[in-house]
Each structure stands twice: as C-alpha cells, then as structure tokens.
Amino acid sequence: MALPPSEMGDWEAVRPHVLEALYALPDQVWFATPDLRRVLFSSKSFEELYGLPLDELYRDPASPLALTNSDDTGEIARAHRTGRTSRTPQEVQYTVHRPDGTERILRLRTIPLLDDDGRMHMLAGVTEDVTEQATATAEIARLNDLLTTILDATSDAITLVSADDRVRYVNRTLREIAGVGDGDVAGLPVDEVLPGRTDLLRQLTQDVIADGRPRSLAWHQPRANRWLETTLTPADGGVLVVTEDRTEQRLAEARERQWTEATHRAERLDALGQMAGSIAHDVGNLVRLVLSGLHEATESLQRGDDASAALADATHAAERSLAITHQLLAFSRGTEGPPHPVVLDAVISGMQPLIRRTMGGEIVVELDLGSDRAHVESDEARLEQMLLNLITNARAAMPDGGRFTLMTRRRPADPETGRPSVVELIVADTGRGMTPDVAQRAFEPFFTTDDIRGTGLGLSTVLATAVAAGGGALIDSAAGVGTSVIVEMPIIDDHTAGTTDRLLLVDTFGPDSDATMDALAVAGHDVNRMTPSRIVAELDRNPRRYGLVVLDPLLDGGAGLALLRQLRSLHPAVPVVLLSGRTTHPELANDPVVHFVRPPYGQTELLRAVEHALGRT
C-alpha cells in the first residue's frame, strides 16, 4: 500500500538510511507474509534477542518458537490468529531459552498491514527485550505480596486513606475489627467502611492532608474498654492511619507502678520502723511532760493558785509530740506528684529530725546545705525517698557508730564541655564500705548484699530519681573506709529562684516553730515571727510589707481562729495559710485567699502550701 504524498515527506532523502537505522535499533523489526511461512525482512537485533543467526530465521521462520515454552508458543499462535482475524495489532509476552543457556523475556507486538481493499497483505512486528522490566515488575509484585502478608499479620489496624477521604487499603486486622469481609472496599468512603470513626480522628485526617504534618492520638474506646494509640502519617497523597492496641501495655505499666510504689512504701515504712525506738522514747518524754504539767496545774487549781504556766508547759509538750507524729505520718504517706521546681535544701531541712533520729546517738551527724536554694526538676516525695534510701544505707553500714555527712553545693556550668550548672548532693559515711565489684553493681535493680532484709532497689531508686531530674549518680567507696554517694541534678531556671517573699509567721517560740522558720528560710522566704497579740498591730502599721500570713487556728486553745477572722476582716487581701485541714466556718472554707495544709503534714507539705498561696506552681 502506497502512502499518500502528504504523509511521505521527503522519503527519497531518508530511504538510503532506513536500513541503517533499523539495524541500529535494540528491538527487532520484522516483516512476514500473513501466514508467517516466509520472513520478508528482519533487523539484526534478532540475533541478540534469540541467540540464533539471522539466516536461521530466513531459512525457518518457526525457529524462534523452538526456544519458547509450550504455553508461550500457544499464546504466540493465538495472537497471530487473532491478528489475522481482527485485523488489529496484538501483543504477547513470552520467555526464550537461548542456546547459550540464558533466558530472556520478550514482548512481541504484531501489526497487520492492509491493502486498499482491507485485505492483509503483510504482517509487521516489533520484538523487544523486557527482561529487566519484567523482573522488576515481578519483584515489585513479590514485595507487594510480602508487604500485604506482613500488614495482615500485624495486630495493628492499618488504613490508607485518600485525599478525598476514601479507603485505598485496609489490612486484615482492621477488617476483623470493623466486620469488613474480604470484598474490595477500595474507593469507598471511610465512614461507610468504618462507621465508628470518631469526629476527632476524622478532623485529624483532614489536618494531615492539609499541612502534611503527622499526628498522634492516644484515646480510650469505652465500648470495648480498650486503650488505643493512633498515628496518622502523610503517604502517597493521602494518610496512612495506624492504630495500635495499648491496653495490655497500659495494664502492665499500671501493675509495675503499683509494685514499685508498694516496694517504695515498704522501704519507707521499714525505715520508719527502724526509727520507732528513738521516736517512742522522745514521745514518751513529751507525754511525761504533759502529765507533769497537768498534775502541777491540778494542784495549783486546788490551792487556788494560777495554773496558766503549768498548762502552757503541758500544751507546748503536747504540741511537740503532735508535730513529731504528724511529720512521721506525712513522711510515711508521701506520694509522688508531677515533676516541678523543688528546693533540694528545703527538703533536706525538713527531714533533719528524721535524719538525726535514724542515726541515733552513736553516729555524729554533719549537715552542710550550701546549694543556695537551687531548684531541681523533681518531686518532694521522690527526693525524700532518695534521701531516705541513702540515710538508711549509711546507718546500716555503721552498726558500731561513726560519722555521717550530708552536704549540698553548687557546681558551675562548664562551657567547654557543655555541662550545665548542677546541684551536687554528697552523702558519706565512715562505715564498712564496698569492694570494687560490689560498688560496680550497686546501682543495679535487685542487687543486694543483704539477703535477709535487702530488696536491691535502694540505690537503683537513687539513680532513677537523679536521672529523672536530668542528672546522674556515682559511688566512691573502699572496703573498711566508708562510702560516698554523689548525686548530681541540673539546676533549672525557675522564676521563683532567688526571689523572696516576706512572710508573717504567727506562732509560739519553741523548737517546732524554729524548725518551721528554718524550712521557710531555706526555701528562700524572708520570715518574721510574731506572737498572736502583736500580729494585728504589725499588719496595721505595715499593710504592704507581708505577702502571706502563716497561722495555726487552734493556737492558744483556739484563740488563733478568732485572730484569723479578725485578719480576714481588717486585711482581706493578704493570703493566709492555715495549719489545719478543715474549719467549721463556711465563710473561711470558701475564702479564695485562705489555703489549708492537710494534716498530717510535714515541712514539705507546708512549703508546698506556701508556694501555692503565693501563686506559684
């Protein structure tokens, strides 16, 4: 069939080069009679594709078929028959086993050439080597199958959502959860496949599509009582949604927390039990003072004399006994809260009575608090537990007495190494010490040399507390010499650090009041202490000097309550911390500037209430 002149171009100019171009092509171009009995022309690429000489093709057009599988041979014959019948191009892919033992995958396209009457007068074809492409396609298919198997085997529910909020893929886990069978759900709206999707997940999906930033969501499914964690990640123009069931992990973490808290509580109570003897002795002495004062007051009243001095002595002894009891109860019930700025020296100061009682009379106690009110990121209960573990370890290491030293100091930042400024806590004893192998393992959980009473969690808790605050701990010990535990915690930048608030403490002057004064001063507060009779006059003269009043409403047999009501009437803007957990007066209980310290309380609870009353966290 001749081409129309308009489609010929300058055929005569290119005709001498057509054969050269055909021979240069990597694909085989060939022409044959419609019945394929004779090959009219083939480019030399035939030899590379089939591994046969070109003469073999001209001699026997069927020679390439001998190199193919029987199934492929039938497919090639079918394509030729269809091409002759339908007069349309056909395509078939097959494998050739070349004489040199190698295999190639070829793709054949046949093109029927028709004369002016529509009859086929020649068959043209192009055969190309698609081995690499077919191999890559097969590998992709294999990897897709493997990926599908992996995704179906995982316990996570996985969905691929398109930009228009339609399902592109769901794995088997999600099908089981959603009750979707093996039918094709691709292209369906997500809400149709997953009608239980929450509004928040729907919104997060759209947010990820909008800005391309991943999102994560931990949520609870009330109906099944399951804790779930969903991650939404941009993927292929849509969003990959992966939901993991975290219920068992949550339960395991809760069990671990309960076990750890129970262990710490047992250690705390065990340590308090060791103090019981000296505490009973102290409380017993105070009770005897109370009884003696009451007896003296009774005799004075019987004689008609003034009994106020004897009653005051008895009251003071009873208050000291109550303070010891409250401190011990508060310490034994200590629970951890969220990390927040804590003055380490203030915590230690509040524990001084417990430290001295724990050590007893045979051990010399030296306290040197020199961190200058530095704040660390921790919790009072955790720090108390850490200190208690160090104290009890030191006491156990000195059964025959010795010297116990507890000191704090600031260590400045080192710009060269990038080390921040830290508080260094050093707890040292002159006890038995440790051998190098014991010291090396001392921080390991459950490692103990005390098989009878030891849990092996004391020093591991010390290290965990230091690490949680961003620091660390180390041990310097030698057998027969003693042990020093050095704990480092970074000093945090806190807006309360270095500031002072003048407090007015309404209290009697005694040992417990002195301890309260010391704790408030160590925490950075400027404290002025006055008796109840002077308090109102002081506030009248200097109404702007004090930021807070600390008051016991039961002071002097309940006179403190009348004083409190007078303060609230004359100076309603001054916050007040009441050393009482409740009051029977509703107008005080509902007063926004009246803050209560819940009994039993120690110095830690008092300091926390003061910080809260001053508007700090």
Side-chain angles (χ1 to χ4, degrees), residues 1-4 7-142:
M1 180 183 69
L3 293 175
E7 298 181 17
M8 289 291 291
D10 194 355
W11 170 250
E12 294 300 329
V14 300
R15 183 167 58 178
H17 306 289
V18 170
L19 189 60
E20 179 182 354
L22 291 176
Y23 276 11
L25 291 174
D27 301 336
Q28 178 198 10
V29 179
W30 53 267
F31 296 87
T33 58
D35 57 7
L36 294 177
R37 293 181 180 277
R38 187 163 65 94
V39 174
L40 304 175
F41 169 81
S42 173
S43 62
K44 293 183 68 64
S45 298
F46 168 82
E47 296 180 346
E48 175 64 25
L49 297 177
Y50 291 93
L52 296 174
L54 186 56
D55 292 344
E56 181 71 17
L57 178 63
Y58 287 128
R59 186 184 62 79
D60 180 10
S63 59
L65 297 178
L67 304 178
T68 62
N69 298 328
S70 58
D71 292 341
D72 289 344
T73 300
E75 189 67 20
I76 294 171
R78 184 199 61 76
H80 286 321
R81 288 194 304 270
T82 303
R84 288 198 299 271
T85 304
S86 65
R87 303 292 196 269
T88 58
Q90 299 293 308
E91 181 178 310
V92 63
Q93 186 169 298
Y94 54 94
T95 301
V96 171
H97 305 277
R98 299 194 298 188
D100 62 1
T102 60
E103 291 185 354
R104 306 303 294 175
I105 300 174
L106 307 180
R107 181 164 58 203
L108 168 64
R109 292 189 180 93
T110 62
I111 305 170
L113 302 179
L114 310 178
D115 58 19
D116 294 337
D117 296 331
R119 292 181 302 221
M120 184 190 305
H121 69 91
M122 191 181 300
L123 188 63
V126 177
T127 305
E128 59 180 317
D129 189 336
V130 294
T131 304
E132 301 301 329
Q133 178 183 345
T135 302
T137 302
E139 180 65 12
I140 291 173
R142 187 188 71 81

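- Under a 3.5 Å cut-off, the side chain of Tyr58 and the backbone N or O of Ser42 do form a donor-acceptor pair.
- Two residues are said to be in side-chain contact when any heavy atoms from C-beta on lie closer than 4.5 Å; Asp71 and Glu75 fail this criterion.
- Closest approach of Met120 to Pro112, counting heavy atoms only: CE-CB, 3.5 Å.
- Heavy-atom minimum distance, Thr95 versus Glu103: CG2-OE1, 4.0 Å.
- Residues Gln28 and Glu48 have side chains not in contact (no heavy-atom distance under 4.5 Å, counting atoms from C-beta outward).
- The residue from Val29, Leu54, Thr127 that alone fulfils the side-chain contact (heavy atoms from CB on, under 4.5 Å) condition with Phe46 is Leu54.
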Is there a side chain to side chain contact (heavy atoms under 4.5 Å, CB included) between Ser43 and Leu25 once you walk through the steps? CA-CA 8 Å; Ser43 62; Leu25 291 174; 5.9 Å; no
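- In this structure, Ile111 and Leu123 have side chains that are not in contact, with every pair of non-hydrogen atoms separated by 4.5 Å or more.
- The shortest distance between side-chain heavy atoms of Thr110 and Trp30 falls below 4.5 Å.
- His97 contributes atom NE2, which lies 7.5 Å from atom OG1 of Thr68 (distance to the nearest 0.5 angstrom).
- The CG atom of Leu67 sits 11.5 Å away from atom CG of Leu49, with the distance rounded to the nearest 0.5 Å.
- Not counting sequence neighbours, the partners of Thr131 by the side-chain hydrogen bond (donor to acceptor under 3.5 Å, both in side chains) test are Arg104, Asp129.
- Looking at heavy atoms from C-beta onward, Glu91 lies in side-chain contact with Arg107 at the 4.5 angstrom threshold.
- The side-chain heavy atoms of Leu106 and Tyr94, taken from C-beta on, include a pair separated by under 4.5 Å.
- In the displayed structure, Glu20 atom CD is contacted under 6.0 Å by at most 12 heavy atoms of other residues, nucleotides or ligands.
- Judged by distance alone, the side chain of Asp60 and the main-chain N or O of Ala62 form a donor-acceptor pair under 3.5 Å.
- Taking CZ from Arg15 and CG from Asp10, the interatomic distance works out to 11.0 Å, rounded to the nearest 0.5 Å.
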Under the side chain to side chain contact (heavy atoms under 4.5 Å, CB included) rule, what do Arg78 and Ile76 come out as? Steps first, then yes or no, please. CA-CA 5 Å; Arg78 184 199 61 76; Ile76 294 171; over 6 Å; no
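- Looking only at side-chain heavy atoms (C-beta outward), Thr33 and Leu40 come within less than 4.5 Å of each other.
- To the nearest 0.5 Å, atoms CG (Asp72) and CG (Leu108) are separated by 11.5 Å.
- Across all non-hydrogen atoms, the minimal contact from Pro61 to Pro64 is O-CD, 3.3 Å.
- Side-chain contact between Leu19 and Phe41: present, with at least one pair of heavy atoms (C-beta onward) separated by less than 4.5 Å.
- Each salt bridge (charged side-chain N to carboxylate O under 4.0 Å, His left out) pair with one or both residues in residues 22-40, not counting sequence neighbours, appears once here: Asp35-Arg37.
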